[in-house]
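Since we're looking at a predicted model, the values are computed, not measured. Numbering of residues begins at 1 and proceeds along the displayed sequence.
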Amino acid sequence: MKRKNCWVLLLLVLTGIVLGGFIGTMAQDVSWLSWLNFGQSFGFDSPLIINFGILVITFGLSIKITMASVIGVALALITYRFI
C-alpha cells in the first residue's frame, strides 16, 4: 500500500483556497456567478499592536471563506484522493 505525503495534501488545499478565492473575486461582477463570492469573513477588525519601546509587534488575522474557496478545497481533496 502506498503512503501518501501530507505536504502534498497541504499544498493542494492551500492551492484550492487561493484559486477559489481568486475565482470568487473575479466572478463577483458577473450576475449569474456572484454567488461564488458569497461567504463569511472573520478575524480581528483592527490589528493588535504591542509596543515594547524599542520593538513594536503587530498581530492581525482575517479569514474570508467563500463558496468558491469551499469548492476549491473540495476539488483539492478529490484530486489528492486520486494521486
Side-chain angles (χ1 to χ4, degrees):
M1 180 176 223
K2 185 169 95 172
R3 184 170 189 261
K4 295 184 179 183
N5 193 349
C6 291
W7 292 108
V8 173
L9 175 62
L10 180 67
L11 182 66
L12 283 173
V13 168
L14 289 176
T15 303
I17 291 171
V18 170
L19 287 178
F22 177 72
I23 290 170
T25 303
M26 297 301 290
Q28 71 184 359
D29 294 330
V30 180
S31 62
W32 57 280
L33 288 178
S34 62
W35 62 274
L36 287 174
N37 201 35
F38 176 76
Q40 183 68 33
S41 182
F42 58 93
F44 295 122
D45 289 333
S46 60
L48 174 68
I49 300 171
I50 301 173
N51 189 350
F52 292 115
I54 61 170
L55 178 67
V56 178
I57 300 174
T58 305
F59 294 102
L61 177 69
S62 179
I63 298 173
K64 183 176 182 184
I65 299 174
T66 63
M67 293 301 291
S69 63
V70 170
I71 292 170
V73 169
L75 289 174
L77 292 174
I78 291 169
T79 303
Y80 180 73
R81 180 173 167 90
F82 289 114
I83 289 179

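- The hydrophobic clustering, which links ILVMFWY residues whose side-chain heavy atoms are closer than 4.5 Å, places Leu75 and Trp35 together.
- Here the closest non-hydrogen pair linking Ile17 and Val73 is CG1-CG2, 3.5 Å.
- With rounding to the nearest 0.5 Å, the separation of CZ in Phe59 from CD1 in Ile49 is 11.5 Å.
- Residues Leu14 and Leu19 do not share a hydrophobic cluster, clusters being chains of Ile/Leu/Val/Met/Phe/Trp/Tyr side chains in contact below 4.5 Å.
- No single ILVMFWY cluster, assembled from side-chain heavy atoms under 4.5 Å apart, contains both Val56 and Phe52.
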Q | Pair Lys64-Asn37, side chain to side chain contact (heavy atoms under 4.5 Å, CB included): steps then yes or no | A | CA-CA 10 Å; Lys64 183 176 182 184; Asn37 201 35; 3.9 Å; yes
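- Linking ILVMFWY residues whenever their side-chain heavy atoms come closer than 4.5 Å, directly or via other members, leaves Ile83 and Leu10 in distinct clusters.
- Minimum heavy-atom separation, Ala68 to Gly20: CB-O, 3.0 Å.
- Side-chain atoms of Ser69 do not come within 3.5 Å of backbone N or O of Ile65 as any donor-acceptor pair.
- Contact between Tyr80 and Asn5 at its shortest, heavy atoms only, is OH-O, 3.4 Å.
- Distance check: Leu12 CG to Trp7 CH2 gives 13.5 Å after rounding to the nearest 0.5 Å.
- Minimum interatomic distance between Leu36 and Ile23 (heavy atoms only, all atoms of both residues): CD1-CG2, 4.4 Å.
- Note that the CG atom of Leu77 and the CG atom of Leu9 stand 6.5 Å from one another [nearest 0.5 Å].
- Enclosure of atom CG in Asp45 is not indicated, since only 12 or fewer non-hydrogen atoms of other residues, nucleotides or ligands lie within 6.0 angstrom.
- The structure places CG of Leu48 at 8.5 Å from OG1 of Thr58, a figure rounded to the nearest 0.5 Å.
- Under the 4.5 Å side-chain heavy-atom criterion for grouping Ile, Leu, Val, Met, Phe, Trp and Tyr, Val70 is connected to Phe42 within one hydrophobic cluster.
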